[in-house]
Structures are given as structure tokens and as C-alpha cells.
Amino acid sequence: MLDIKRIRENFDEVAEGLSRRGAEIALAETARDLDVKRRAIVVQADELKTQRNARSKEIGALKKAGQNTDAVQADVRLIGEQIAALDEELRQTEEALETSMLRIPNVPCKTIPTGPDATANRVVRSWGSTPSFTFKPLDHIALGEKLGLFDLPRGVKITGSGFPLMKGAGSKLQRALVQYMLDMHTEKHGYTELLPPFVVNSASMRGTGQLPKMAEDMYHCEIDDLWLIPTAEVPVTNYHRDEILESKLPIYLTAYTPCFRREAGSAGKDTRGILRVHQFDKVEMVKFVEPETSYDELESLVVNAEAVLQGLGLHYRILELCSGDISFSAAKCYDIELWAPGQQGWLEVSSCSNFEDFQARRLNCKYRDATGKARLVHTLNGSGVALPRLVIAILEQLQQEDGSVLLPEVLRSYMRGMEKLMPMA
RNA sequence: GGAGGGGUGUCUGAGUGGUUUAAAGAACCGGUCUUGAAAACCGGCGUGCCGCAAGGUACCGGGGGUUCGAAUCCCUCCCCCUCCGCCA
């Protein structure tokens, strides 16, 4: 959520930012008008409340003195009725204001490229090189079948399409990757590991912005009004919801969780294999930082995610997303994409974003600055990284002519010494 | 799931309808004193909203109600504790 004061005082700047995104300026205009109305009502209601408080005290004093209070009581009753009417009007105005504020996306950072969609994203850097093969590389589905890493038809039988079932060395590889990433972030990058609930309440979903907009894309348990998390960002960021942080910033948290996404619109393209699924595993990184440092923190967040891929020796590139392609809450975002030789394309495995105070405002998460004043923190998060596509890239980039897949050095201890994934006999 | 007891500021804790603008203590911050520290004393010490400010207003787990007036009474939900039931 944006700061209403920013809309009130710097409307043109907000409007320009929204138009760079392709968002409607009308939303901000509505908010601006409702804010004017709201403040007028507050002034009026507060004045009446001052009167009521004063006159109510008179009644107390009169009663103590044993005097009749009928006249004053009638007055106060009248004031009370006026207040009730104003409060109701205020409630409606605030509700309308809240509704429009929740629909306004974040203002993009000034420095990011302007453009309508992914075509305007900028490649910032790449690492490694495109592997060349003396044979025709297979895609991950063929490799997974030959190596016996997953059994997708049985996942369909047990649950439905998009619920992959990993098996044997495939499930072990997932487990190894989770361990490898968590160990790296906790031991080398200074993150504290959490193992949070995978199911959260509606307040948490609102805190990070999934509700109200994304309700249709999430799994909901109606009887308890609880939601399956679409990303660890939700429980981990809500860790500090409704708090004034007394500990020193920055705070770095990381967590492994499964992620559940209904993604109603995904039928058709990319539905084969484990590229786009309803349940997948991910290691997430979340930062709570001082506003002045958040853009530096974004750079180091990306570097933390890159270290995972560099350790595995995988070819990747970093994109700086343009104004039209960043997510609703983000002010700036880098995507990390892995090269997938089997499909001759780039796969997004991480999205690292600075939300500035956009998330912290709904989250009600503050810290104390040097003067002791409570200020909103800046929040960031990034995948570090998402697993199915990482597995795809490992299989496709590291496949050998004999049909095996050479495991990166760093994974071997986690795989109990295994060096290669071998085809089934 | 059932029965009972609770939820007040950073913490402890008073407050069961009317100067409560929430007592008191502790912690914390600043000051005095001191060579320095401790102690003592003085002052400060929640969050939001409106306002240039002075100030006003709201908040005692959340929501609703009764009343001229609610931390206080009623309803409801959430959470914590104790006991019982169930259980990986």
C-alpha cells in the first residue's frame, strides 16, 4: 500500500510512476478525493467528541452534587447521535479509501527501464556459458524418466495434474538441494533459518498482499478459514507483522517451504513435466532493512541467490525488470533465469524484489531510527532458489552422452557420495 | 471437542459505570551529584489519525451492543493457562 500522504502531497510523481507501469491513474485520483472527504469528517467528529467528553464530565460532577442532570443528558444524547452519524459516514469513507488504496500498485523505482512488458527487460549480466553437446540434449522429462527421478502419472492418480511425485534419487536430489541452499544462506550469508507453518490465516495473507487480489490463485481451507502458502514469503514476512522491531536491522531470514499455487490460467503451455506445477519446493530469503539501505540490500540479495547457482556451476543470467513487468508490490525487481538446453530457453528460478515500505505499511512493521522514532521498515525478498526449475537446469545442463547426469561437486556430500545420476537398468 | 480461569503500556501490576488526560513499581533515556560508577534526586518515557502549531481525538486481545458516559456491564470471536476427552 502506498502512503496516502504521498498521494496527497506528490500526486504528479505518483501518477507518473503509475502510468509507467500502465496502471490507471484514476485509482489514485479516487483515493485523493476520498482522503479530502475523510479528513473533513474527522475534524467535525473530533470537535463533537470534545464537546461530548466535556459535558459527560459535567454530568458526573452534577450527580455527585445531587443535582438534576436531565437537561445536560438530553444535550449529550443529541451530540451522541450526531457523532454516530458522522462515524458511520467516516467508516464508509475509510472503507472506500482502503479499497482504492489496496488496488494501487507500488510506484516503480525511478532508475528501472520503462516499458510495457517483458520485451523491455534489460539483461544486467550473465554467468557461465551455454553448454555445448556432442549429442542431442534431452529435456528434463525424458531425463527424469530414464533416471527414474519422478513418477508424474502416479502424482496425477493420487492428487491431480500439477502435483509431481518425486522418487528415489529424484527426491533425494530435492532434499540435497534444500540442505545445500539453507546451509549456504545460514552459514555464509548471515540468514537465520525458519521452518514456518505452511498454512496461514487471512490476516497474514493480507499482510503480504496476496489477499484480497489473489484469492482465486490460492488453496483455501474454508472450514478453518486458513490458506496454503503460495510462497514462504507469506509466513516469513508476517513473522514481524504488527511489530516495532527493537533488535538491530538488517534482519535476514530464510526458509524452506513447499509452495501451493492454483494458477487457474496456466492450462496449455508449459504444463508438461515439472516446469509449472501446483506444488513445488522453494528456499526463500526475506530481509527487513532500514530505508536508506534497501537498494544496496537488493543488490546483495541477488548476489546471495547467484551464489547458489555459481556453486552448482550453472549458466544463468540476471534481468532487471522494466516498469511494466514488475509485480504489484515491487518498486524494483531482478529475475534470475537458468539456461535449459533441452527446451532451448531460459527458466525463471528467482525473483528478487525491493518493496520499499509498500509491504511494511500493510504489515504494520516498524523499527526505531537513531532518534527513537518508529518508522516503517523496507522489506525485500527473493527466491534462493525455486527447486523444480533448478532440477530441470541441473538435469539438462549437466547431462552426459551416456544418459547420466553429473552431480555438481557441492551436492555430493548431501547425496551421500553419489557422483552421478545413472539411468535405470 | 468439553469444563473452568485469564488477556491492561517494554515488563510487573492496580483499576467492576463518572476529573482515568489508565495508579504504582521496574526497565530504559536525559540531567544533577560524583575522579568514575553505583545509590539518591529531578525530568522524560506507547501507537495511529486531524492540525503549521497549540492542541484535539481514538486505542485496555478483535468485533458488536447497552448507556448521557464503558478498561469496567452484555453478546460474539481469537489467543493463553489448568483439567478432561481424542491423537501422530
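Labels below follow one simple rule: chain letters A, B, ... track the order of the sequence lines, proteins then strands, and each chain is numbered from 1. Computed from heavy atoms alone, side chains included, the values below leave out hydrogens, waters and symmetry copies.
Across all strands shown, B/G69 forms no Watson-Crick or G-U wobble pair with both key distances under 3.5 Å. As the counterpart of B/C59, B/G46 is assigned, both hydrogen-bonding distances of the Watson-Crick or G-U wobble pattern falling under 3.5 Å. Across all strands shown, B/G1 forms a Watson-Crick or G-U wobble pair, both distances under 3.5 Å, with B/C84.
The P atoms of B/G46 and B/U34 are separated by 31 Å, rounded to the nearest whole Å. For the C1' atom pair drawn from B/G17 and B/C86, the interatomic distance equals 44 Å after rounding to whole Å. Of the C1' atoms belonging to B/A71 and B/G85, the separation is 36 Å, rounded to the nearest Å. Separating the P atom of B/C87 from that of B/U12 is a span of 37 Å, rounded to the nearest Å. Annotation: B/U16 and B/G63 have their C1' atoms spaced 22 Å apart (nearest Å). To the nearest whole angstrom, the two C1' atoms, one in B/G6 and one in B/A38, are 40 Å apart. Annotation: B/G61 and B/C79 have their P atoms spaced 16 Å apart (nearest Å). Separation of the C1' atoms belonging to B/G9 and B/A23 is 13 Å when rounded to the nearest angstrom.
For the residue pair A/E193 and A/T254, no side-chain donor N or O sits within less than 3.5 Å of a side-chain acceptor on the partner. In this structure, a donor-acceptor pair under 3.5 Å is absent between the side chains of A/Q44 and A/Q82. Side chains of A/Y316 and A/Q397: a donor-acceptor N/O pair is absent below 3.5 angstrom, by distance only. Counted by atom type alone, A/Q51 and A/E47 present zero donor-acceptor pairs between their side chains at under 3.5 Å. Of the N and O atoms on the side chains of A/N106 and A/S329, not one donor lies less than 3.5 Å from an acceptor on the other residue.
Contacts of A/R375 with the nucleic acid, taken as non-hydrogen atoms under 4.0 Å apart, are absent. Using a 4.0 Å heavy-atom cutoff across all strands shown, A/R55 reaches no nucleic acid atom at all.
Note: CD1 (A/I79) to P (B/G56) measures 17 Å, nearest angstrom. For A/N201 and B/C77, the CG to P distance is 17 Å, given to the nearest whole Å. Atom CG in A/D3 sits roughly 13 Å away from atom C1' in B/G48 (whole-Å rounding). Spacing between atom CG of A/L86 and atom P of B/C50 amounts to 17 Å, rounded to whole angstrom units. A straight line from CZ of A/R241 to P of B/C79 spans 13 Å, rounded to a whole angstrom. Rounded to an integer number of Å, the gap from A/R38 CZ to B/C49 P is 8 Å. Atom CZ in A/R361 sits about 16 Å away from atom C1' in B/U47, given to the nearest Å. Look at CG on A/D242: it is 14 Å from C1' on B/C79, rounded to the nearest Å.
One finds no side-chain N or O of A/K57 lying less than 4.0 angstrom from the OP1 or OP2 phosphate oxygen of B/U20. Neither OP1 nor OP2 of B/C49 sits under 4.0 Å from any side-chain N or O of A/R39.
Where A/V42 and A/E47 each meet RNA chain B at their nearest nucleotide, the meeting point lying more 5' is that of A/V42.
Here A/R154 pairs with A/D151 in a salt bridge; the nearest charged N to carboxylate O distance falls below 4.0 Å. Salt bridge present: A/R6 and A/E13 bring a charged side-chain N and a carboxylate O closer than 4.0 Å.
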Checklist outcome for this item: Whether each nucleotide of nucleotides 58-72 of chain B has a protein heavy atom under 4.0 Å at its base (B), only at its sugar-phosphate (S) or at neither (-) is summarised, 5' to 3', as S---------BS---
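Minimum interatomic distance between A/E297 and A/L380 (heavy atoms only, all atoms of both residues): C-CD2, 3.9 Å.
In the set B/U57, B/U47, B/U21, the nucleotide with an atom closest to the side chain of A/A374 is B/U47.
Sorted by first then second residue, the salt bridge (Lys or Arg N to Asp or Glu O under 4.0 Å) pairs that include residues 380-391 of chain A, not counting sequence neighbours, number zero.
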